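Before I ask anything, let me first share the structure, which is written out below as structure tokens.
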Protein chains: 2
Amino acid sequence: MRLSKRGEYGLRAMISLAEVQKNSPTGMTQIREIAQKEQIPAKFLEQILLALKNAGLVHSKMGVGGGYYLAKPADEITLGQVFRVLDGPIAPIRCVSQMAYEPCGCPDEETCGLRMVMGDVRNAIANILDRTTLAAVVERMEAARA
Amino acid sequence: MRLSKRGEYGLRAMISLAEVQKNSPTGMTQIREIAQKEQIPAKFLEQILLALKNAGLVHSKMGVGGGYYLAKPADEITLGQVFRVLDGPIAPIRCVSQMAYEPCGCPDEETCGLRMVMGDVRNAIANILDRTTLAAVVERMEAARA
DNA sequence: ATAAAGTCTATAATATTAGTATAGTTTTAT
DNA sequence: ATAAAACTATACTAATATTATAGACTTTAT
């Protein structure tokens with residue numbers, strides 16, 4: 001049940017951008033700054049941010065003084081959105097996926113025990129990731145620091 | 001967040017063995033029977049059952065009329081136990097794992113937002129897998145069939 | 001014009017997954 | 001004795017995913 005590095009780095013970067021949105025007027029940061037702060041290989045982070053950009057979760061500005069910034073207020077972006085862009089469906093098996101359903105091997109899906117339990121797992125994970133916004137994460141971090 | 005085929009097959013096989021435990025006097029089944037019923041490559045399943053045997057979750061009997069059977073009553077084996085044998089720790093990132101903790105990249109674990117959320121995710125998954133027994137799964141399947 | 005910054009594509013290196021194949025050994029009911 | 005069944009071990013492959021790295025290109029502030 002692992003989160004890939006791609007997913008981990010992407011989530012860290014987005015949380016970082018949410019902090020910047022809260023604390024700086026432009027809300028803009030360069031790849032290198034994020035890479036350094038979060039200890040992420042810069043070129044790898046570049047690909048990840050590009051994917052997030054193509055998914056419409058961040059915007060960017062080219063050229064001198066450019067950088068990345070969140071496409072929306074941090075309280076309108078959920079971890080689930082970020083996760084799905086980078087790591088695909090949340091469901092442990094495809095036959096319980098909401099976003100990418102595929103039939104699995106069971107003779108009868110309705111009475112498949114594994115499917116029922118994995119459906120519960122999917123919902124439990126989705127309930128957390130889809131209801132937690134970047135803003136909420138930042139708040140929680142600040143609370144922990146206090 | 002995917003369950004590997006190894007994990008999927010192993011869980012299916014264990015649920016299958018739990019059904020047999022409930023419905024047959026010996027509770028014993030051969031690899032081939034399970035493989036056929038659950039559509040699992042037999043040689044792959046052999047490896048998986050061996051791993052479960054070495055972990056003490058199933059016992060086996062050699063020779064004619066032999067086979068595999070659960071090492072304990074189905075209500076004393078949880079999906080979490082099976083999962084961990086086959087797919088390793090439940091935690092999405094190692095720094096929130098109970099069974100296989102390792103530090104991650106965060107400068108301060110106590111105030112790392114990602115870590116907090118992934119801790120919640122880990123607990124949500126573990127709460128389901130560690131509290132659901134094979135017997136409970138079988139009951140649920142029977143209820144769905146009725 | 002230049003340098004800072006993102007864009008895009010390709011490729012490499014490594015690891016994991018999902019098996020398949022081989023080749024036996026051991027146990028046990030009949 | 002024989003056949004059925006599990007046990008052990010290895011190792012090989014093929015595909016896929018992961019984790020990057022490299023380099024050429026484009027945009028923009030100054």
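Quick note on labels: first sequence line is chain A, next is B, and so on, each numbered from 1. Quantities reported herein were computed from a predicted structural model and do not represent experimental measurements. These values consider heavy atoms only, across backbone and side chains, with no hydrogens, waters or symmetry-generated copies.
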Reckon Y9(B) has a side-chain N or O less than 4.0 Å from the OP1 or OP2 of dG19(C)? yes

Which nucleotide wins on minimum distance to the side chain of Q30(B), given the candidates dA5(D), dT26(D), dT19(D)? dA5(D)

Measure from the side chain of I31(B), starting at C-beta and using heavy atoms only, and say which of dT20(C), dA6(D), dA24(D) lies closest. dA6(D)

Can you check the E33(A) CD to dA4(C) P distance for me, whole Å? 14 Å

Let's see if you can work this out: which of dA23(C), dT7(C), dG19(C) has an atom nearest to the side-chain heavy atoms of Y68(A)? dT7(C)

Qualifying side-chain hydrogen bond (donor to acceptor under 3.5 Å, both in side chains) pairs with a residue from residues 127-137 of chain B, counting only residues at least two apart or across chains: R84(B)-D130(B), N127(B)-R131(B)

Do the side chains of Y69(A) and I34(A) join up, straight or via other hydrophobic residues, at under 4.5 Å, putting them in one cluster? no

Among dG6(C), dT27(C), dT19(D), find the nucleotide with the atom closest to the side chain of R6(A). dT19(D)

Any chain of hydrophobic side-chain contacts (each under 4.5 Å) joining I15(B) to L129(B)? yes

Take the protein atom CZ of R32(B) and the nucleotide atom P of dA6(D), then report the distance between them rounded to whole Å. 8 Å

Measure the spacing between OG of S16(B) and CD of Q21(B) and express it to the nearest 0.5 Å. 12.0 Å

Just the rounded figure in Å: distance from C1' of dA5(C) to CD of Q36(A). 16 Å

What residues 76-104 of chain A contributes to the DNA chain C interface at heavy-atom separation below 4.0 Å is none

CZ (R12(B)) and SG (C104(A)) are apart, to the nearest 0.5 Å, by 5.0 Å

Specify the separation, in whole Å, of atom CE of M62(A) and atom P of dT27(D). 6 Å

Among L52(B), L17(B), L70(B), find the one that has a side chain to side chain contact (heavy atoms under 4.5 Å, CB included) with I77(B). L70(B)

Distance check needed: dC12(D) C1' versus F44(B) CZ, whole Å only. 15 Å

Atom CD of E8(B) to atom C1' of dG19(C): distance rounded to whole Å? 14 Å

Using a heavy-atom cut-off of under 4.0 Å over every strand shown, decide if K43(B) touches base, sugar-phosphate, or nothing. base

Both R2(A) and G66(A) contact DNA chain C. Taking the nearest nucleotide for each, which residue is further toward the 5' end? G66(A)

Strand-adjacent residues in residues 45-59 of chain A, judged by heavy atoms under 4.0 Å from DNA chain C: E46(A), Q47(A), L50(A), K53(A)

Take A42(A) and G63(A), find for each the nucleotide of DNA chain D with the closest heavy atom, and name the residue whose nucleotide sits nearer the 5' end. A42(A)

Looking at S4(B), I'd like to know whether one of its side-chain N or O atoms comes within less than 4.0 Å of OP1 or OP2 on dT16(C). no

Side chain of V64(A) only, please: which of dA3(C), dA18(C), dG6(C) is the nearest? dA3(C)

Is it the case that more than 12 heavy atoms not belonging to E142(B) sit under 6.0 Å from its CD atom? yes

Side-chain heavy atoms of L11(A) within contact of L3(A), under 4.5 Å: yes

Side-chain N or O of K61(B) versus OP1/OP2 of dA4(D): is the shortest distance under 4.0 Å? no

Do V96(B) and M141(A) sit in the same hydrophobic cluster, where Ile, Leu, Val, Met, Phe, Trp and Tyr count as joined when their side-chain heavy atoms come under 4.5 Å apart? yes

Only one of D120(A), I128(A), V121(A) passes side chain to side chain contact (heavy atoms under 4.5 Å, CB included) with I125(B); say which it is. V121(A)

